[in-house]
Amino acid sequence: MFNAKGNTSSRTAAADGGSVNIIGSGTSIDGDIVSGGDIRIDGNLKGSVNTRGKLVVGPTGVIEGEVHCQNADISGTVKGNVNVAELLTLKATSKLSGDLVTGKLAIEPGADFSGSCTMAGVTRPALHDSTATTEPQTA
């Protein structure tokens, strides 16, 4: 279902605007996810996540790839660059390895973050053209 990148991404974004998608613990997916709704990941994802909604990475969740979303709560592991339009929260159990661009950042004591951080006050939509640059906008 998720391995057919083009068909799944187009169908999912059109069909689920506003819904909540869950990748449960014990589930592994190789491929990219594009959604108009919220996503919770408690399993493993090797690929990018691009959503207009909120991304929640649970304590057992692992993402190896880029993340683009409106808001994010990370309790698990993310290996890759993260771009959050509004608020990124790194919970105490989170492990983030990669560069991040976010409007607002909250880091709980105990969170493990390795990379650079740009507070950009990003106002552009979370979904983006993969050929577009991720450089911060200036006012």
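All values below were derived from every heavy atom in this structure, side-chain atoms included, with hydrogens, water molecules and symmetry-related copies excluded.
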Check your understanding: Should His68 and Thr51 be marked as a side-chain contact (heavy atoms from CB on, under 4.5 Å) after you check the CA-CA gap, both sets of side-chain angles, and the distance that decides it?
Key -> CA-CA 6 Å; His68 296 267; Thr51 180; over 6 Å; no

Study note, to complete from the structure: Scanning both residues in full, the closest heavy-atom pair of Leu105 with Cys117 reads CD2-SG, 3.8 Å

Practice item. Could I get the full list of side-chain hydrogen bond (donor to acceptor under 3.5 Å, both in side chains) partners for Ser48, not counting sequence neighbours? Key: Asp32

Check your understanding: Between the side chain of Asn21 and the main-chain N/O of Asp38, is any donor-acceptor distance below 3.5 Å?
Key -> yes

Point to revise | side-chain hydrogen bond (donor to acceptor under 3.5 Å, both in side chains) involving Asp42 - partner list, sequence neighbours excluded | key: Arg40

Check your understanding: Per the side chain to side chain contact (heavy atoms under 4.5 Å, CB included) rule, which among Ile74, Val57, Asp112 passes with Leu90?
Key -> Ile74

Exercise for review: Calculate, to the nearest 0.5 Å, the distance between atoms CD1 and CD1 belonging to Ile23 and Ile41 respectively.
Suggested key: 6.0 Å

**Study point:** Main-chain N/O of Leu87 paired to Asn71 side chain as donor or acceptor, under 3.5 Å
**Key:** yes

Review point. In terms of hydrophobic clustering (I, L, V, M, F, W, Y; side-chain heavy atoms under 4.5 Å; direct or indirect links), are Ile22 and Val56 co-clustered?
Key: no

Point to revise | Glu64 side chain vs Lys46 backbone, donor-acceptor pair below 3.5 Å | key: no

Check your understanding: side-chain contact (heavy atoms from CB on, under 4.5 Å) between Leu96 and Ser114: does it pass, once the steps are laid out?
Key -> CA-CA 6 Å; Leu96 173 59; Ser114 175; over 6 Å; no

Practice item. To the nearest 0.5 Å, tell me how far Lys54 NZ sits from Glu86 CD. Key: 11.0 Å

Review point. Looking at Leu100, Val101, Asp99, which hits side chain to side chain contact (heavy atoms under 4.5 Å, CB included) with Asn81?
Key: Asp99

Practice item. Looking only at non-hydrogen atoms, find the nearest pair between Ser35 and Gly37 and report the distance. Key: OG-N, 2.9 Å

Practice item. In sequence, state the C-alpha distance, the side-chain angles, and the governing distance for Val62 and Leu45, and then conclude on side-chain contact (heavy atoms from CB on, under 4.5 Å). Key: CA-CA 6 Å; Val62 177; Leu45 171 67; over 6 Å; no

Check your understanding: Roughly how far, to the nearest 0.5 Å, is the OG atom of Ser75 from the CD atom of Glu108?
Key -> 7.5 Å

Check your understanding: SG of Cys69 to CG of Asn50: how many Å apart, nearest 0.5 Å?
Key -> 9.0 Å

Exercise for review: Could you walk me through whether Val67 and Leu55 pass the side-chain contact (heavy atoms from CB on, under 4.5 Å) test, one step at a time?
Suggested key: CA-CA 9 Å; Val67 172; Leu55 171 68; 3.5 Å; yes

Check your understanding: With a 4.5 Å heavy-atom cut-off, do Val49 and Ile39 have their side chains touching?
Key -> yes

